[in-house]
Amino acid sequence: MITVGLLGCGNIGHVIAKGQENFRITAVYDSVSARAEAFGKEFGAAPYDDFAAFLQEPTDIVVEAASVAAATTHAESILLAGKDLVIMSVGALADVSFREELIQTAREMKKKIHIPSGAIMGLDNIRVGQISGIDKFVLRTTKNPKSLSREAEEKTCIFSGKAYDCVHQYPKNTNVAESLSIACGRDVDVELWMDPNEDRNMHEIFFEGEFGEAYIRVRNVPSPDNPATSYLAALSILSLLQNLDNPLVIGA
Ligand SMILES: NC(=O)C1=CN([C@@H]2O[C@H](COP(=O)(O)OP(=O)(O)OC[C@H]3O[C@@H](n4cnc5c(N)ncnc54)[C@H](OP(=O)(O)O)[C@@H]3O)[C@@H](O)[C@H]2O)C=CC1
Ligand SMILES: O=C([O-])CC(=O)C(=O)O
């Protein structure tokens, strides 16, 4: 049985806890210790309010499902503690030198850093961008203003630029852009829209290169407990965990 330490007892944490089958969450940590305690009581995991003590639990893998700040602060120490790592707050990896240091640490510790497909489809084959030419790569994200904790009367573009720059302004909405950038090997172009007539979290990917062209559109149901996070993102990490010990690997 794979044992999991969970960093962040929020929306995604609860979805994966409810889907435990071939893995078990045995230790949890959250910046709000009452939240970790309640989570621990509900799912039978040990709650921690001290991160160093949390790392001493003999878990195989730590799932970060908290925030870009949490991933930035804790990722290195998780790897140094000899644990594999799943990063949901992928925006933390926009800083190239931080990302390269983390990969180096993982290599030295013989550990893996997993980036789940998250709120999109097709991340696996987008890696072809690293081995063949790309002419165009644009991510257009459209959400209801409520999912962005904003208000708007009409469809409005609130960001247009590179993924790297988006992370500083919209850390909760840059994970997809950063996952795509890492997958295809370049800082992708991003448009972020809010639309009062859109009730889904929509991600459209326009990708052209030597292979041909692709248009991927995902219209995600927002998570009831956190409308900024698509339910697909939580399902994606659950699927990743359920397949960790599966000898049959699907996808690129
Ligand atoms: N890769 C992808 O495609 C996607 C990634 N995400 C990312 O996944 C992460 C989790 O999402 P979700 O579960 O919906 O978020 P929630 O806000 O529902 O849960 C996160 C929990 O982690 C806590 N937390 C935040 N920062 C820290 C910290 N530094 N140390 C310890 N605990 C912390 C939060 O506390 P508090 O409320 O006090 O901040 C909260 O309890 C987010 O960063 C989100 O942006 C989401 C969707 C798609
Ligand atoms: O759709 C989602 O779940 C979140 C999102 O935009 C992102 O993290 O980039």
Side-chain angles (χ1 to χ4, degrees), residues 5-18 27-40 47-52 54-55 62-75 77-78 86-94 113-123 126 139-144 147-149 158-159 163 166-167 169-183 188 190-194 198-205 217-240:
L6 176 67
L7 163 53
C9 300
N11 163 53
I12 290 179
H14 278 82
V15 173
I16 60 178
K18 286 175 189 154
V28 292
Y29 174 85
D30 195 286
S31 47
V32 181
S33 52
R35 224 174 270 165
E37 268 168 41
F39 191 102
Y48 286 91
D49 56 12
D50 176 61
F51 196 76
F54 165 75
L55 284 185
V62 170
V63 171
E64 175 280 316
S67 61
V68 164
T72 307
T73 308
H74 298 302
S77 56
I78 293 166
V86 182
I87 296 187
M88 271 321 271
S89 307
V90 192
L93 302 179
I113 304 167
H114 299 268
I115 298 179
S117 294
I120 42 162
M121 307 269 178
L123 194 62
I126 283 167
L139 167 71
R140 182 184 299 149
T141 294
T142 309
K143 293 188 180 182
N144 189 281
S147 290
L148 293 154
S149 309
I158 55 171
F159 179 87
C166 193
V167 71
Q169 290 177 52
Y170 299 99
K172 292 183 181 168
N173 294 280
T174 317
N175 302 297
V176 165
E178 194 45 43
S179 302
L180 291 169
S181 296
I182 295 170
V188 304
V190 181
E191 291 173 22
L192 185 54
W193 292 78
M194 49 184 185
E198 178 59 71
D199 61 352
R200 301 275 166 99
N201 291 342
M202 181 160 74
H203 298 289
E204 292 169 282
I205 297 164
R217 186 180 78 160
V218 193
R219 289 187 68 238
N220 288 321
V221 175
S223 300
D225 294 337
N226 181 359
T229 291
S230 301
Y231 182 48
L232 176 66
L235 292 177
S236 142
I237 191 168
L238 178 56
S239 162
L240 184 151

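For ligands, and for the atoms within them, numbers begin at 1 and follow the listed sequence. Throughout, numbering of the chain's residues begins at 1 and tracks the sequence.
- Ordered by chain and residue number, the residues placing a heavy atom less than 4.0 Å from ligand 2 are Ala119, Lys143, Lys172, Asn173, Thr174, Asn175, Val176, His203, Ala228, Thr229, Ser230.
- Between the side chain of Thr72 and the backbone N or O of Val68 there is at least one donor-acceptor pair closer than 3.5 Å.
- Checking side-chain atoms of Ser147 against main-chain N and O of Pro227 turns up a donor-acceptor pair under 3.5 Å.
- Within the structure, every pair that satisfies the salt bridge (Lys or Arg N to Asp or Glu O under 4.0 Å) test and touches residues 171-183, not counting sequence neighbours, is listed here: Arg99-Glu178.
- Ligand 1 is surrounded by Leu7, Gly8, Gly10, Asn11, Ile12, Tyr29, Asp30, Ser31, Val32, Arg35, Ala65, Ala66, Ser67, Ala70, Met88, Ser89, Val90, Gly118, Ala119, Lys172, Asn175, Val176, Asn226, Thr229, Ala233, each with at least one heavy atom closer than 4.0 Å.
- Annotation for Leu123 and Pro116: closest pair CD2-O, 3.9 Å, computed over non-hydrogen atoms.
- Look at Arg35 and Asp49 and you find no salt bridge, because none of the NZ, NE, NH1 or NH2 atoms lies under 4.0 Å from a carboxylate O.
- A perpendicular orientation is assigned to the rings of His74 and Tyr29, their planes being inclined by more than 60° (bins at 30° and 60°).
- With hydrogens and angles disregarded, no donor-acceptor distance shorter than 3.5 Å links the side chain of Asn144 to the backbone of Asp199.
- With sequence neighbours excluded, the residues satisfying side chain to side chain contact (heavy atoms under 4.5 Å, CB included) with Ala36 are Cys9, Val28, Asp30, Pro47.
- Once rounded to the nearest 0.5 Å, the distance linking OG of Ser236 with CE of Met88 reads 5.5 Å.
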